[in-house]
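What follows is one structure encoded as structure tokens, with my remarks underneath.
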Amino acid sequence: MAREQWGTKLGFMLAAMGSAVGLGNIWRFSFVAGNNGGGAFLLLYLGCVFLIGIPLLLTEVSIGRKAKSDVVGSYQKLAPKTPWFFTGFFGIFSAFLILSFYAVVAGWSLYYFFNYVTGNFFEAPAEAGFGAVFGGFISQGWQPLFWTALFMAMVIFIVVSGVKKGIETANKIFMPLLALLLIVLAVFSLSLDGAMEGLAFLFQPDWSAFSQPSIYVQALGQAFFSLSLGMGALLTYGSYLSDDKKLPGAAVGIGLMDTFFAVISGLVIFPAVFAFSIDPSSGPPLVFITLPTIFEQMPLGGIVGLIFFFALSLAALSSAISILEVPTAYFMRLFSWSRKKSSIIVGSIMFFFGIFVSLGFGIWSDVTPIGEKNILDSMDYIASNILLPLGGLSMALFVGWYFKKATALKAVDLKDDLMGSTWYGIVKFIVPVVILIIFVSSL
Ligand code: PFF
């Protein structure tokens with residue numbers, strides 16, 4: 001059977017943006033920024049995106065396009081009889097880890113959407129507010145699991161439909177809708193009393209924060225997570241791209257779009273956090289408490305909330321399909337499984353792990369695998385802050401050192417001019433050095 005391909009370059013761009021833009025930009029960005037002091041974190045995060053993220057994004061997509069195989073097969077094809085394919089195993093492992101908790105949070109988003117459909121969340125019940133509503137919901141056993149299962153079923157359904165029909169069409173509709181909504185919400189949030197304090201939190205770095213090594217690891221991890229980098233999602237999407245489609249513009253476009261979504265989410269969340277006296281370091285629940293509080297105050301907020309959680313769930317869906325696609329493509333080739341069989345088996349295993357994540361907010365809330373982190377936070381920490389940057393480091397070393405310069409430049413459609421040499425220098429020297437320094441200093 002011929003390998004599947006994107007319909008158009010735009011189709012690829014939208015799918016890659018769909019992968020990048022997701023819960024990471026809204027849910028994860030807000031709580032990590034909130035936990036790490038706001039402005040200082042934002043500055044470091046932007047530094048990581050532009051210095052490391054975008055050059056690596058180009059690198060990762062090019063590996064897939066050159067090899068036209070999955071995340072393990074690509075290395076085996078381009079570097080036969082070498083251990084480079086271990087990078088691919090890292091990616092497969094990260095995919096299992098990430099989707100297991102991603103599906104749980106996406107399930108929360110579906111639950112919120114449902115409660116806006118029924119009108120339940122138009123107003124916070126009694127004095128308790130949305131903090132108590134959210135806390136009550138996630139600590140129950142079965143209910144969050146039901147929504148996680150529903151979400152995984154949707155992810156599997158789209159991945160089964162195949163690259164072009166399922167993934168490409170879904171993204172063409174969801175992305176613009178979400179952008180529009182976030183802009184409207186940012187305008188409203190900025191008009192609230194007290195919005196200025198939120199702006200100051202997000203844009204005025206507290207210089208003393210730079211002395212904590214953890215903020216660098218967090219900024220790097222957030223850049224990787226948000227750009228879908230280092231795991232092989234973009235490599236796999238790149239493998240469905242024909243050689244005549246030029247990469248550098250696409251990589252910059254994807255990176256800029258993703259950053260736009262993160263900054264605009266910050267403009268929605270932080271003014272409201274301060275206007276409603278919510279603690280910016282509330283952790284993963286932050287947006288699930290802040291957003292409904294905003295909607296409650298807004299004219300037509302119930303409708304806005306409904307559309308918002310619909311769009312957020314779809315953004316999560318278009319990211320989740322890119323995560324599921326990584327092991328699905330691998331097992332399809334390895335065992336000659338059909339797309340359907342592969343995605344159902346992989347997706348079910350991820351759901352199984354998701355059960356532990358979800359119960360980590362209820363009966364297993366005192367299970368803390370790392371430090372004081374619960375199950376979700378621990379898995380997120382290992383995947384985003386360690387595995388993804390290591391995967392990215394390995395990709396940089398592969399293209400920067402295993403390939404000759406001319407081969408590397410050709411793979412990414414750059415010439416041996418100032419731009420090409422800058423990209424090459426970044427990938428060969430700067431990316432490895434920066435990632436290693438950040439790692440070592442955090443130990
Ligand atoms: N980038 C996605 C988000 O921001 O929600 C999450 C993600 C997708 C992470 C794909 C990693 C990945 F490979």
Side-chain angles (χ1 to χ4, degrees), residues 20-21 23-54 130-131 178-179 181-227 255-295 297-298 308 377 380-381 384-385 389 434 437-438 441-442:
V21 177
L23 294 171
N25 303 65
I26 298 168
W27 162 74
R28 197 176 190 285
F29 173 80
S30 312
F31 85 75
V32 179
N35 277 346
N36 289 282
F41 171 84
L42 180 65
L43 205 62
L44 289 175
Y45 164 71
L46 293 176
C48 289
V49 167
F50 289 101
L51 186 66
I52 298 179
I54 294 180
F130 283 106
L178 187 67
L181 267 179
L182 281 171
I183 294 172
V184 172
L185 284 174
V187 171
F188 179 77
S189 196
L190 285 167
S191 74
L192 293 167
D193 277 341
M196 283 308 133
E197 229 183 307
L199 279 186
F201 178 78
L202 189 60
F203 292 114
Q204 270 175 16
D206 163 10
W207 300 103
S208 68
F210 289 107
S211 57
Q212 295 166 334
S214 66
I215 189 177
Y216 297 88
V217 182
Q218 296 284 356
L220 185 73
Q222 176 60 23
F224 270 85
F225 188 89
S226 191
L227 292 170
L256 287 180
M257 183 59 79
D258 188 65
T259 310
F260 163 79
F261 272 94
V263 173
I264 195 107
S265 311
L267 288 176
V268 175
I269 303 296
F270 290 107
V273 160
F274 285 88
F276 301 126
S277 315
I278 296 167
D279 177 7
S281 55
S282 311
L286 183 67
V287 297
F288 289 95
I289 300 169
T290 311
L291 286 169
T293 314
I294 305 180
F295 301 141
Q297 309 286 322
M298 241 179 135
F308 182 86
D377 287 335
D380 176 35
Y381 191 88
S384 313
N385 295 348
V434 172
I437 291 180
I438 293 182
S441 67
S442 75

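- No more than 12 heavy atoms of other residues, nucleotides or ligands shown are found within 6.0 angstrom of CD on Gln204.
- For the atom pair Ile26 CD1 and Leu178 CG, the distance stands at 5.0 Å (nearest 0.5 Å).
- For the salt bridge (charged side-chain N to carboxylate O under 4.0 Å, His left out) condition, the pairs that include at least one residue of residues 25-34, sequence neighbours left out, are Arg28-Asp380.
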Return a table of donor-acceptor pairs under 3.5 angstrom between the side chains of residues 266-276 and protein atoms on other chains or two or more places apart.
none

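- For residues 281-291, the side chain to side chain donor-acceptor pair (under 3.5 Å) pairs, not counting sequence neighbours, are Asp279-Ser281.
- Evaluation of the salt bridge (charged side-chain N to carboxylate O under 4.0 Å, His left out) test over residues 194-209, restricted to residues two or more places apart or in two chains, returns none.
- Looking at residues two or more places apart in sequence or on another chain, you find a side chain to side chain contact (heavy atoms under 4.5 Å, CB included) between Pro389 and Leu220, Phe224, Ile435, Phe439.
- Taking every heavy atom of both residues into account, Pro284 and Phe288 meet most closely at O-CD1, 4.1 Å.
- Nearest heavy atoms, Gly24 versus Phe225: CA-CE2, 3.6 Å.
- Residue pairs meeting the salt bridge (charged side-chain N to carboxylate O under 4.0 Å, His left out) criterion with at least one member in residues 43-54, sequence neighbours excluded, do not occur.
- Within the 4.5 Å cutoff, the side chain of Phe29 has no heavy atoms near those of the Val287 side chain.
- Counting all heavy atoms, side chain and backbone alike, Leu185 lies closest to Phe308 at CD1-CD1, 3.2 Å.
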Donor-acceptor pairs under 3.5 Å, side chain of residues 209-218 to any protein atom, not counting sequence neighbours: which ones?
residue, atom, partner, partner atom, Å
Ser211, OG, Ser208, O, 2.6
Tyr216, OH, Phe210, O, 2.8

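- Applying the side chain to side chain donor-acceptor pair (under 3.5 Å) rule to pairs touching residues 258-270 yields Asn25-Asp258, Ser226-Asp258, sequence neighbours excluded.
- Applying the salt bridge (charged side-chain N to carboxylate O under 4.0 Å, His left out) rule to pairs touching residues 267-277 yields nothing, sequence neighbours excluded.
- In this structure, Phe261 has no ring-ring contact (aromatic ring centres under 6.0 Å, His included) partners at least two apart in sequence or on a different chain.
- The side-chain heavy atoms of Phe295 and Leu291, taken from C-beta on, include a pair separated by under 4.5 Å.
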May I have the list of side-chain donor-acceptor pairs in residues 35-52 shorter than 3.5 Å, sequence neighbours left out?
residue, atom, partner, partner atom, Å
Asn36, ND2, Val32, O, 2.8

